[in-house]
There are 2 protein chains.
Amino acid sequence: MGFVSVLGFAHQLIGQRVQPGDAAIDATLGNGVDTVFLAKLVGRRGRVYGFDIQQQALDQTKMRLEKELPDASSSVHMSLCSHALMEAAVPEDRHGKVAAVTFNLGYLPGADPATITKQESTLPALEAALRLLRKGGIVTIVLYSGHDGGSEEAAAVEAWAAQLPLAAYQVLRYQFMNTSAHAPYLLALEKR
Amino acid sequence: MGFVSVLGFAHQLIGQRVQPGDAAIDATLGNGVDTVFLAKLVGRRGRVYGFDIQQQALDQTKMRLEKELPDASSSVHMSLCSHALMEAAVPEDRHGKVAAVTFNLGYLPGADPATITKQESTLPALEAALRLLRKGGIVTIVLYSGHDGGSEEAAAVEAWAAQLPLAAYQVLRYQFMNTSAHAPYLLALEKR
């Protein structure tokens with residue numbers, strides 16, 4: 001039957017923790033897969049906040065939403081800015097109440113491969129995500145190390161995750177071992 | 001809700017792949033937890049083959065079986081020998097048909113901590129397990145690195161697992177990141 005894929009496992013963990021009406025964040029809109037998934041989970045009473053620094057990502061996400069979830073347009077709020085600024089775009093009454101935040105690091109397939117996430121903004125964005133998260137909420141981070149700068153970013157995120165206090169966060173790694181050294185893998189954090 | 005524990009996740013993966021009537025192997029009887037779990041899955045028509053080099057492990061497993069699964073005594077076959085010899089104890093008509101093999105490395109809690117699994121026998125036992133396994137079958141390996149010799153064994157098992165051909169096996173790691181460096185973690189292998 002095969003093991004569940006990295007993205008599939010991330011979505012399983014999120015699906016167990018997000019309820020209709022919740023707020024969720026897609027920190028890296030990319031092609032919109034996570035946004036559509038989150039929008040389905042939170043439903044029309046919920047809200048998804050999405051971020052990307054490339055207009056192309058917002059456009060792709062909008063197209064995917066219109067096709068796969070046409071009713072959800074009012075529940076998804078997208079911002080063309082760095083995910084490090086996510087706290088400013090999420091209403092204050094949602095701070096500390098966000099159920100899930102997804103990160104899909106690296107570059108946007110099909111776009112300029114020189115435009116990549118970097119630890120200088122990724123780590124502040126992760127810190128912001130933890131502040132926005134509610135207890136029992138989850139952050140998923142899909143890491144890639146195949147592109148230039150990718151392994152440095154992955155190492156920085158791993159070091160950051162490994163030092164989180166166990167009393168406040170549980171951090172899980174889900175990774176295929178005998179694939180390319182550059183295959184994506186998952187870190188998942190739950191706030192206790 | 002917390003993430004599923006290492007042992008709990010191993011049992012989820014096994015439970016998805018083992019059917020009543022199947023053959024399964026507990027390569028390290030220890031305190032019998034895996035044997036009881038496997039015996040419940042395979043049922044009275046199935047068979048569990050268990051191995052340990054310490055009589056204490058066989059005694060503990062027998063006691064646990066009598067308490068938790070008294071009907072299963074005839075379906076569990078235990079051998080006081082190295083798991084490297086497992087092929088000799090499994091009937092030939094079961095070779096290539098085993099649904100699951102569990103390894104719980106390190107030492108038996110409460111017994112002599114100098115008696116530990118070592119890569120010299122663990123790696124041949126893992127190779128034997130792969131030969132016995134059916135397509136779609138699973139090997140789970142819980143690794144400990146906290147005791148003397150543990151980190152060497154864990155590194156050897158990881159290196160062995162990482163070089164398995166992707167066309168024949170899928171290898172997954174499930175590990176908590178911000179715990180003690182010595183916390184147990186899981187490698188799971190599925191035969192394609």
Side-chain angles (χ1 to χ4, degrees), chain A residues 1-6 8-10 12-19 99-100 126 130 133-141 143 154-192, chain B residues 1-6 8-10 12-19 99-100 126 130 133-141 143 154-192:
Chain A
M1 59 193 296
F3 296 125
V4 173
S5 70
V6 165
F9 190 69
Q12 279 186 4
L13 295 176
I14 294 166
Q16 291 160 357
R17 288 163 178 81
V18 175
Q19 306 295 328
L126 287 166
L130 294 190
L133 210 61
R134 73 173 176 213
K135 281 192 186 186
I138 186 170
V139 176
T140 60
I141 314 164
L143 291 156
V157 171
E158 282 203 35
W160 171 82
Q163 56 77 45
L164 289 172
L166 185 57
Y169 301 98
Q170 212 182 6
V171 184
L172 179 66
R173 173 202 292 257
Y174 184 92
Q175 181 172 24
F176 290 97
M177 292 277 293
N178 60 337
T179 54
S180 146
H182 298 147
Y185 61 100
L186 174 71
L187 297 187
L189 290 72
E190 187 183 286
K191 194 173 194 170
R192 291 175 187 267
Chain B
M1 60 193 296
F3 296 125
V4 174
S5 70
V6 164
F9 189 70
Q12 279 186 5
L13 295 176
I14 294 166
Q16 291 160 356
R17 288 162 178 81
V18 176
Q19 306 295 329
L126 287 166
L130 293 191
L133 209 62
R134 72 173 175 212
K135 281 192 186 186
I138 186 171
V139 176
T140 60
I141 314 165
L143 290 156
V157 170
E158 281 202 36
W160 171 82
Q163 57 76 45
L164 289 173
L166 184 57
Y169 301 98
Q170 212 181 7
V171 184
L172 180 67
R173 173 202 291 256
Y174 184 92
Q175 181 172 25
F176 290 98
M177 292 277 293
N178 60 337
T179 55
S180 147
H182 297 146
Y185 62 100
L186 174 71
L187 297 187
L189 289 73
E190 187 183 286
K191 193 173 194 170
R192 289 175 188 266

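Naming: A, B, ... by sequence-line order, numbering from 1 per chain.
- A heavy-atom distance below 4.5 Å is not found between the side chains of Q175(A) and Q175(B).
- The closest side-chain heavy-atom distance from F9(B) to Y174(A) is below 4.5 Å.
- For L186(A), no part lies near chain B; criterion is any non-hydrogen pair under 4.5 Å.
- Going from atom CZ of R173(B) over to atom CZ of R173(A) covers 5.5 Å, rounded to the nearest 0.5 Å.
- N178(A) and V171(B) make their closest contact through OD1-N, 3.3 Å (heavy atoms, listed as atom of the first residue, atom of the second, distance).
- Closest approach of E190(B) to M1(A), counting heavy atoms only: OE2-N, 3.3 Å.
- Among K191(B), Q163(B), Q16(B), R192(B), the residue with the largest count of heavy-atom pairs under 4.5 Å with chain A is Q16(B).
- Here the shortest heavy-atom pairing between G2(B) and R17(A) reads O-NH2, 3.2 Å.
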